[in-house]
Amino acid sequence: TNVTTVPTAAVRSGALGAINPVVRPYLDMYPLPNGRELSASIAEYTYEFNNPTRENFVQGRVDYTLSAADSIFARYTYDGADQDIPLGFAEFGTSSVSRNQFFTSEYKRILTPALLNTARFSHSRLRFEQLPVGPSTPDLAFSSGQDLIGVISVPGLTSLGGSANNPSSNNSFYWTFSDDVSYSRGRHLLKAGTLIEHLRTNKLTATNIRGTYTFASLATFLAGVPTRFVGVPAGAQLERVRPNTLFGFYMQDDFRATNRLTLNLGLRYEFYTLPREANGLDTALID
């Protein structure tokens, strides 16, 4: 149950003075009060809502032995979820969408009884988006090209129009290849490997893309005199694409010094590359 605050019936009838005809359609978007009056101009409106989260998870794996020395496997995972959250009033809210997919494959070959090579390839797609929910009213939209109103903020009233922080998205795409070699000889278990991972991140930040009007009081709202408007200029670039590639190498020796003592000795080196426009650097050392 959500308890909100809305204008009273008296305010809608002009108790605070004349109502600007431009404001009237937005005033009518506020629900009629169904609770107690908090003042002569503000009353409560209560409504019930459901907040379900639906998630589907599927995973499948195939293993196949090619020969006594060769084997492969492939695994696919899907995890998708949806959630609708009302913001302010039931007509407005945010729809969260999550769609994650993972694919992994591996080829393992026993070169000799003491030498093993393992190669892997994987691809992951992680998608998370938050989308605005509301009645389609392009004639009342604050910004051209939008079919939903932005946010109206009036002291004492619950904000009208949902959230100013959507649509937004943070989507990542990974391509990863790795190869590992292990060799056993006497008291030594030697390992070496390499990893190459390319990541592309697509991030959309559209705060105030539909605009936000702020009013000093309920009376100035009814008169149509805002104190502030925050919006996004037409043609603004709101999406950022950030690719980078990670390279990693390691060598390791698990040396069994005694039956009760094993030394793990190794060296790891990692670095990644960034496009010059991302931060002015081509390569950065991270480990």
Side-chain angles (χ1 to χ4, degrees), residues 51-67 69-85 93-111 116-133 165-182 189 191-206 238-252 254 264 266 268-275 277-279 283-287:
N51 187 17
T53 300
R54 300 176 178 88
E55 183 172 9
N56 296 298
F57 181 88
V58 178
Q59 186 175 76
R61 171 170 169 152
V62 175
D63 292 83
Y64 187 69
T65 301
L66 299 172
S67 67
D70 302 273
S71 62
I72 61 174
F73 88 78
R75 180 180 63 237
Y76 173 76
T77 304
Y78 171 83
D79 185 6
D82 298 272
Q83 184 183 57
D84 291 332
I85 304 173
T94 296
S95 177
S96 297
V97 179
S98 175
R99 298 287 185 272
N100 299 325
Q101 300 181 72
F102 310 91
F103 172 77
T104 302
S105 61
E106 178 187 272
Y107 172 56
K108 186 177 293 184
R109 180 174 177 80
I110 302 173
L111 300 171
L116 172 67
N117 185 80
T118 303
R120 278 196 173 200
F121 170 77
S122 65
H123 176 50
S124 303
R125 303 172 66 89
L126 289 78
R127 174 189 169 200
F128 180 71
E129 298 179 355
Q130 291 186 312
L131 306 174
V133 175
N165 297 322
N166 55 46
S168 66
S169 65
N170 191 3
N171 303 327
S172 301
F173 307 90
Y174 292 86
W175 293 265
T176 305
F177 172 78
S178 65
D179 191 85
D180 300 273
V181 178
S182 61
L189 176 59
K191 299 178 181 178
T194 183
L195 168 73
I196 302 174
E197 180 178 82
H198 181 71
L199 165 65
R200 190 183 81 237
T201 302
N202 295 56
K203 185 176 181 63
L204 173 67
T205 303
L238 304 177
E239 185 177 22
R240 297 292 182 266
V241 179
R242 183 184 177 90
N244 67 76
T245 304
L246 170 70
F247 298 89
F249 311 91
Y250 78 93
M251 294 184 297
Q252 180 176 323
D254 294 338
N264 302 111
R268 186 182 70 175
Y269 179 73
E270 296 179 357
F271 68 94
Y272 66 92
T273 61
L274 294 173
E277 61 271 15
N279 64 355
T283 304
L285 181 67
I286 64 172
D287 195 357

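Since this is a predicted model, take the numbers as computed values, not measurements.
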Side chain to side chain contact (heavy atoms under 4.5 Å, CB included) partners of [X], counting only residues at least two apart:
| X | result |
| --- | --- |
| Arg61 | Asp63, Phe73, Arg75 |
| Lys203 | Asn170, Thr205 |
| Ile110 | Ala69, Leu116 |
| Asn165 | Ser163, Thr207 |

Among residues at least two apart in sequence or on other chains, which ones pass side chain to side chain donor-acceptor pair (under 3.5 Å) with [X]?
| X | value |
| --- | --- |
| Ser122 | none |
| Ser98 | none |
| Arg240 | none |
| Asn51 | none |

Could you measure the distance from the [atom1] atom of [X] to the [atom2] atom of [Y]? Nearest 0.5 Å is fine.
| X | Y | atom1 | atom2 | value |
| --- | --- | --- | --- | --- |
| Lys191 | Ser182 | NZ | OG | 7.0 Å |
| Arg242 | Asn202 | CZ | CG | 12.5 Å |
| Thr77 | Asn100 | OG1 | CG | 10.5 Å |
| Ser96 | Gln83 | OG | CD | 5.5 Å |
| Ile85 | Thr53 | CD1 | OG1 | 7.5 Å |
| Phe121 | Thr176 | CZ | OG1 | 8.0 Å |

What are the two closest heavy atoms between [X] and [Y], and how far apart are they?
| X | Y | result |
| --- | --- | --- |
| Phe128 | Asn171 | N-OD1, 3.0 Å |
| Ala206 | Pro167 | CB-O, 3.1 Å |
| Asp180 | Ser178 | OD2-OG, 4.2 Å |
| Ala119 | Asp179 | CB-OD1, 3.4 Å |
| Ser95 | Asp84 | OG-OD1, 3.0 Å |

TODO: Just jot down the ring-ring contact (aromatic ring centres under 6.0 Å, His included) partners of Phe247, sequence neighbours excluded, or say none.
DONE: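 So Phe247 forms a ring-ring contact (aromatic ring centres under 6.0 Å, His included) with Phe271.
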Task: For His123, the option from Tyr76, Tyr174, Trp175 that meets side-chain hydrogen bond (donor to acceptor under 3.5 Å, both in side chains) - done: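 Answer to the side-chain hydrogen bond (donor to acceptor under 3.5 Å, both in side chains) test with His123 among Tyr76, Tyr174, Trp175: Trp175.
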TODO: Indicate whether the side chain of Arg54 and that of Asn56 have a donor and an acceptor atom separated by less than 3.5 Å.
DONE: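 Asn56 and Arg54 do not have a side-chain donor-acceptor pair below 3.5 Å.
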For the residue pair [X] and [Y], establish whether any side-chain heavy-atom pair is separated by less than 4.5 Å.
| X | Y | result |
| --- | --- | --- |
| Val241 | Arg200 | yes |
| Glu270 | Tyr250 | no |
| Leu246 | Leu199 | no |

- [ ] Please check if the side chain of Thr194 supplies one atom and the backbone of Gly248 the other of a donor-acceptor pair under 3.5 Å.
- [x]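 At least one qualifying donor-acceptor pair exists.
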TODO: Output every pair passing salt bridge (charged side-chain N to carboxylate O under 4.0 Å, His left out) with a member in residues 93-102, not counting sequence neighbours, ordered by first then second residue.
DONE: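 Of all non-adjacent pairs touching residues 93-102, those that pass salt bridge (charged side-chain N to carboxylate O under 4.0 Å, His left out) are Asp82-Arg99.
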Task: salt bridge (charged side-chain N to carboxylate O under 4.0 Å, His left out) pairs, two or more places apart, involving residues 120-131 - done: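 Salt bridge (charged side-chain N to carboxylate O under 4.0 Å, His left out) check on residues 120-131 returns Glu106-Arg120, Arg127-Glu129.
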Task: Results of salt bridge (charged side-chain N to carboxylate O under 4.0 Å, His left out) for Asp70 - residues two or more places apart only - done: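 Per chain and number, Asp70 pairs via salt bridge (charged side-chain N to carboxylate O under 4.0 Å, His left out) with Arg109.
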- [ ] Count the heavy atoms of every other residue, nucleotide or ligand shown that sit under 6.0 Å from CZ of Phe57, and state whether that count exceeds 12.
- [x]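 Enclosed.
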